[in-house]
Trainee: 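Let me begin by handing over the structure; questions about it come next.
Counting begins at 1 with the first residue of the sequence. On a predicted model such as this, the values are computed, not experimentally measured, just so you know.
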Amino acid sequence: MEPGNQTRILEFILLGLSEEVLLQPLLFWLFLFMYLVTFIGNLLIILAIITDSHLHTPMYFFLFNLSFSDICFTSTTIPKMLWNIQTQNQVITYEGCIVQMYFFTLFGMLDNILLTVMAYDRFAAICHPLQYMIIMKPEFCDLLLLTSWLVSILDSLLHALMILRLSFCTKLEIHHFFCEIYEVVQLACSDTFLNDLMIYFASGVLVIVPLTGIPFSYSKIVSSILKISSTRGKYKAFSTCVSHLSTVSLFYGTSLGVYLSCASTQNSRATSIASVMYTVVTPMLNPFIYSLKNKDIKQALKTLFSRETFSI
């Protein structure tokens, strides 16, 4: 790379979670384990939904897509991190960094929107049970999914294009284990006002909408459940929401925690460690949440395993 204040960028350096040499093998095996659990767990949810016709409903249609999104979400960052640790090479090319940012933003936003859509699905199922299949007809579900993908693609594309307009300094060390947008923007030598504005605007609009839509849906759900006379009916209605509510709490709780840690500290390393919660831990736990708290998924998984055992 040519010396100087600004130059054509060829590569960035991902400093990772720790520069301690002795910790690298531990980090490698820990993140490999978490990635495999995430991949296999979400894949089993997908296979269970595909193979069990009883799960061909709107609720599980969106869960299928959430599981697929979670696999892709973790696959944009963890394999590269593992490769860097194994090869002891922290370099990521400029093009590779842009691509990683694009897909990380895409699937992160897709998760965000799908959780909101799933809250609406639960609202329709509990508050309007007689009209549920009319409201959540296949064409409308496909439209919701298509809209989720389009918004996610456009948002991530806009962020990527905004990064391409920046010029970078010669100090290209990213204090993270992946190309996080805010960290990359901070390395730019050119004016980043529009990038910062875009980050805050997109975060505001595309996070505030779910954070208002989901509580609104659940306020209506709770109100409807309280009107049910029998205790068994209340339990049955609420049990269909427990898995989604747990996932929402985990996803937004960890994301909000990372945001607050970014705002309160200038320690990039601490922020990168905190971000592990929503980039790795949440997608890893989602299959357990849905399989342990949902009897339909548990039954579908048992059927799936019994078929595999019988075929062997």
Side-chain angles (χ1 to χ4, degrees), residues 35 37-75 106-129 132-133 135-152 210 213-215 217-218 221 236-255 278-305 307:
Y35 178 68
V37 170
T38 302
F39 190 94
I40 295 171
N42 282 287
L43 182 61
L44 287 174
I45 295 292
I46 290 172
L47 292 175
I49 294 172
I50 290 175
T51 56
D52 193 331
S53 59
H54 296 97
L55 300 183
H56 294 176
T57 63
M59 174 182 173
Y60 296 108
F61 171 74
F62 293 116
L63 177 58
F64 172 96
N65 285 278
L66 181 67
S67 295
F68 173 77
S69 179
D70 279 343
I71 289 175
C72 296
F73 186 53
T74 53
S75 296
L106 192 160
F107 291 111
M109 185 53 62
L110 185 60
D111 265 11
N112 183 31
I113 299 174
L114 285 175
L115 288 174
T116 308
V117 171
M118 292 171 77
Y120 176 76
D121 171 74
R122 292 300 82 210
F123 162 77
I126 295 173
C127 299
H128 305 283
Y132 175 64
M133 294 311 296
I135 296 172
M136 301 301 292
K137 56 185 178 181
E139 295 83 4
F140 184 60
C141 291
D142 290 339
L143 179 62
L144 288 173
L145 180 62
L146 178 61
T147 303
S148 302
W149 272 99
L150 287 177
V151 172
S152 301
I214 293 174
S217 295
Y218 273 100
I221 288 171
K236 184 177 180 181
F238 184 71
S239 64
T240 64
C241 303
V242 171
S243 298
H244 177 258
L245 194 56
S246 301
T247 301
V248 166
S249 301
L250 188 61
F251 181 81
Y252 288 108
T254 54
S255 300
Y278 77 91
T279 57
V280 185
V281 176
T282 300
M284 180 183 71
L285 293 180
N286 281 349
F288 293 100
I289 292 173
Y290 276 96
S291 59
L292 293 176
K293 296 182 178 294
N294 188 304
K295 64 179 183 179
D296 294 329
I297 290 290
K298 282 195 286 188
Q299 184 58 47
L301 287 172
K302 288 179 183 178
T303 304
L304 179 65
F305 283 123
R307 285 178 181 175

Trainee: Between Leu66 and Leu115, is a side chain to side chain contact (heavy atoms under 4.5 Å, CB included) present by the stated rule, with each step listed?
Mentor: CA-CA 8 Å; Leu66 181 67; Leu115 288 174; 4.0 Å; yes
Trainee: Shortest non-hydrogen contact from Ile71 to Thr38?
Mentor: CG1-O, 4.5 Å
Trainee: Evaluate the side chain to side chain contact (heavy atoms under 4.5 Å, CB included) criterion for residues Val242 and Asn294: first the C-alpha distance (whole Å), next the side-chain angles of each, then the deciding distance (0.1 Å), finally the verdict.
Mentor: CA-CA 8 Å; Val242 171; Asn294 188 304; over 6 Å; no
Trainee: I need the minimum non-hydrogen distance between Leu47 and Leu304, along with the two atoms involved.
Mentor: CB-CD2, 3.8 Å
Trainee: Going by side-chain contact (heavy atoms from CB on, under 4.5 Å), name the residues that satisfy it together with Ala125, two or more places apart in sequence or in a different chain.
Mentor: Arg122, Tyr132
Trainee: Just grab all the side chain to side chain donor-acceptor pair (under 3.5 Å) pairs involving residues 106-120, residues at least two apart or on different chains.
Mentor: Ser69-Asp111, Asn112-Tyr252
Trainee: Might you point out which heavy atoms bring Leu106 and Ser152 nearest each other, and give the distance in Å?
Mentor: O-CB, 3.5 Å
Trainee: Sequence neighbours left out, what pairs pass ring-ring contact (aromatic ring centres under 6.0 Å, His included) with at least one residue falling in residues 52-74?
Mentor: Phe73-Phe104
Trainee: How far apart are the closest heavy atoms of Ile46 and Ser67, and which atoms are they?
Mentor: CG1-CB, 3.8 Å
Trainee: Between the main-chain N or O of Pro283 and the side-chain N or O of Asn42, is there a donor-acceptor pair closer than 3.5 Å?
Mentor: yes
Trainee: Could you work out, with side chain to side chain donor-acceptor pair (under 3.5 Å) as the rule, every residue matching His128, not counting sequence neighbours?
Mentor: none
Trainee: Return each pair, listed once, that meets side chain to side chain donor-acceptor pair (under 3.5 Å) where at least one residue sits in residues 136-149; pairs must be two or more places apart or across chains.
Mentor: none
Trainee: Side-chain contact, heavy-atom cut-off 4.5 Å: Asp52 with Asp296?
Mentor: no
Trainee: If you take the centroid of each ring, where Trp contributes its six-membered ring, are His244 and Phe251 closer together than 6.0 Å?
Mentor: no
Trainee: Any idea which heavy atoms bring Met136 and Pro58 closest together, and the distance?
Mentor: O-CG, 3.5 Å
Trainee: Measuring only between side-chain heavy atoms, which start at C-beta, is Ile297 closer than 4.5 Å to Leu55?
Mentor: yes
Trainee: In a table with atom names and distances, give each donor-acceptor pair under 3.5 Å that connects a side chain of residues 284-292 to protein atoms at least two apart or in another chain.
Mentor:
| residue | atom | partner | partner atom | Å |
| --- | --- | --- | --- | --- |
| Asn286 | ND2 | Asp70 | OD2 | 2.8 |
| Ser291 | OG | Pro287 | O | 2.7 |
| Ser291 | OG | Phe288 | O | 3.3 |

Trainee: Can you give me the closest heavy-atom contact between Met59 and Thr240, atom names plus distance?
Mentor: CE-O, 3.8 Å
